[in-house]
Amino acid sequence: MSRIVMKFGGTSVADLDCIRNVASRVKRAVEAGSEVAVVVSAMAGVTNQLVAYCQGLSPLHDAREYDAVVATGEQVTTGLLAIALQEAGVEARSWQGWQVPIRTDNAHGKARIAGIEGTELIRRMQSGQVAVVSGFQGIGTDNRITTLGRGGSDTSAVALAAALRADRCDIYTDVDGVYTTDPRIVPNAKKLARISYEEMLELASVGAKVLQTRSVELAMNERVRIQVLSSFADVPGTLVVDEDEIVEKQNVSGIAYSRDDAKITLRRVPDRPGIAAAVFGALSEHNVNVDMIVQNVSADGMTDMTFTVSKADLPRAQATLAGAQAQIGFSEVLADPNVAKISVVGVGMRSHAGVANTMFRALADKAINIQVISTSEIKVSVLVAAEYTELAVRALHTAYGLDAA
Ligand code: ADP
Ligand code: ASP
Ligand code: MG
């Protein structure tokens, strides 16, 4: 008998008809003889609304209370899906993160799963009961509800699949697989039958929201087989697999964009040892992650330092820098949230030169200015003005020969 974890995202549980559709898919899996645990997200739009409530009261709100608020979306959908399953004649019950329990650290708002106690779930699944588990949430060592960061239900699903020693983790969503880029921006993007963990990890980490980064990392480490597929159509999806299971390796296999970053420039920073440590040390102490960084050398002993942080962290970053201004000694902080990061990803980059150059050429041909560049072994990212996002992604998709025929 197989044991599977089925995860359904926000659009898959957007209303009662969608929830009935999910119930019938789960019922089919049960009737096919599988033991099933289901992980659900909040109904589409609900988490955004809950986040907006917190921000509406205070941009620098208490992260523990933020978690208490935003975790509620998933509680609703677990209960509703359990009811829909019972209505369809399938034995089911809902589980909140703290009930399983799904234990996490105490990094509220971006907690990491530390362990899942799966014994009781397995016992019930073996007796024929479907476990409907809230994605996105857990319980910290402070005994309070935590959430795993936006898109975190994917990670809940993979972690649960690992803990339950499931044969598969099927991620059902509103697209029928992983494409060469977001099919909503490039309609002639191609669906990939397979993608390597490494490439999926890189694509996710630079903004391809189809899977949360941490979920891919976990799947890779715990050897969980992920399949991304549609909740609405019965077509084969995309398998995330080891690199050696992919025969045709492309130089570039995918393009991603992120509008979640903001650019910060510190003007006239003293150009001396210890300054980078002071700036980024202060930010990291306040839990602000920094991504791309450039520093311009100047003649007069002063420099401009530009870097990106996530938009959600921008108020905290600005407050932190304002507090450290006297100690670091820069003249002003400029913040620009109207930027987008565009990235090209492919394992073939390890062995092929010229990938970055193709990118710069294609953007130049569209007169798109590059503000910051960063690279890794299998990725090149550039920061551009947000208004050029679609244009840049489409131009690059064509430049790398990824357009569907
Ligand atoms: P869910 O609510 O099911 O978790 P998400 O919105 O988080 O769904 O993720 C699915 C979305 O990811 C798709 O609707 C699509 O717009 C976006 N996406 C971005 N990049 C890609 C890609 N390379 N392939 C497929 N979908 C992508
Ligand atoms: N509901 C959460 C979010 O919108 C988690 C998820 O959907 O994965 O971020
Ligand atoms: Mg998602």
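Counting convention: from 1, in listed order, for ligands and their atoms alike.
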Quiz item: Is there any N or O on Thr47 that sits under 3.5 Å from an N or O of ligand 2?
Solution: yes
Quiz item: Should we count CZ of Arg124 as having more than 12 external heavy atoms under 6.0 Å?
Solution: yes
Quiz item: Of all the non-hydrogen atoms in the protein, which one sits nearest to atom 4 (O) of ligand 1, and at what distance?
Solution: Lys7 NZ, 3.1 Å
Quiz item: For atom 9 (O) of ligand 2, what's the nearest protein heavy atom and its distance?
Solution: Arg150 NE, 2.6 Å
Quiz item: Which heavy atom of the protein is the closest neighbour of atom 5 (P) of ligand 1, given with residue, atom name and distance?
Solution: Lys209 O, 4.1 Å
Quiz item: With backbone taken as N, CA, C and O and side chain as the heavy atoms from C-beta onward, which portion of Thr181 lies under 4.0 Å from ligand 1: side chain, backbone, both, or neither?
Solution: backbone
Exercise. Might you confirm whether atom CD of Gln325 has over 12 heavy atoms from other residues, nucleotides or ligands at distances under 6.0 Å?
Key: yes
Practice problem: Output the list of atoms in ligand 2 that are nearer than 4.0 Å to some heavy atom of Gly151, sorted by atom number. | Solution: 3 (C), 5 (C), 6 (C), 8 (O), 9 (O)
Quiz prompt | Pick from Ala71, Ser153, Ser215: the one approaching atom 5 (C) of ligand 2 most closely through a non-hydrogen atom | solution = Ser153
Quiz item: Just heavy atoms, cut-off under 4.0 Å: does Glu74 contact ligand 2 by side chain, backbone, both, or neither?
Solution: side chain
Quiz item: Passes side-chain contact (heavy atoms from CB on, under 4.5 Å), Ile102 versus Gln137? Steps please.
Solution: CA-CA 8 Å; Ile102 297 174; Gln137 52 164 270; over 6 Å; no
Quiz item: Are there protein heavy-atom neighbours of atom 20 (N) of ligand 1 below 4.0 Å?
Solution: yes
Quiz item: Of the listed options (Val210, Ile171, Asp174), which comes nearest to atom 13 (C) of ligand 1 when hydrogens are ignored and any heavy atom counts?
Solution: Asp174
Quiz item: Aromatic rings Phe8 and Tyr172: how do their planes relate, parallel, tilted or perpendicular, breaks at 30° and 60°?
Solution: parallel
Self-check item: Identity and separation of the nearest protein heavy atom to atom 25 (C) of ligand 1
Solution: Gly177 O, 3.3 Å
Quiz prompt | Arg259 and Glu390 ion-paired at < 4.0 Å | solution = yes
Self-check item: Closest protein heavy atom to atom 2 (O) of ligand 1, given as residue, atom name and distance to 0.1 Å
Solution: Gly10 N, 3.0 Å
Quiz item: So, are Glu87 and Lys27 salt-bridged, with charged N and O less than 4.0 Å apart?
Solution: no
Self-check item: Nearest non-hydrogen protein atom, atom 3 (O) of ligand 1
Solution: Thr173 OG1, 2.6 Å
Self-check item: Residue and atom name of the nearest protein heavy atom (relative to atom 16 (O) of ligand 1), distance in Å to one decimal
Solution: Asp182 OD1, 2.8 Å
Practice problem: Measure the distances from the heavy atoms of Gly152 to every atom of ligand 2 and state whether one is below 4.0 angstrom. | Solution: yes
Quiz item: Are Ser134 and Gln96 close enough that a side-chain donor and a side-chain acceptor fall under 3.5 Å?
Solution: yes
Quiz item: Quick one: nearest non-hydrogen protein atom to atom 7 (O) of ligand 2, plus distance?
Solution: Ser41 OG, 3.1 Å
Exercise. Report the nearest protein non-hydrogen atom to atom 23 (N) of ligand 1: residue, atom name, distance rounded to 0.1 Å.
Key: Tyr179 O, 3.0 Å
Practice problem: Please confirm whether Pro183 comes under 4.0 Å of ligand 1, counting heavy atoms of the residue only. | Solution: yes
Practice problem: Determine whether any heavy atom of Ser153 lies closer than 4.0 Å to an atom of ligand 1. | Solution: no
Quiz item: Does atom CZ of Arg225 have more than 12 heavy-atom neighbours, drawn from other residues, nucleotides or ligands, at distances under 6.0 Å?
Solution: no
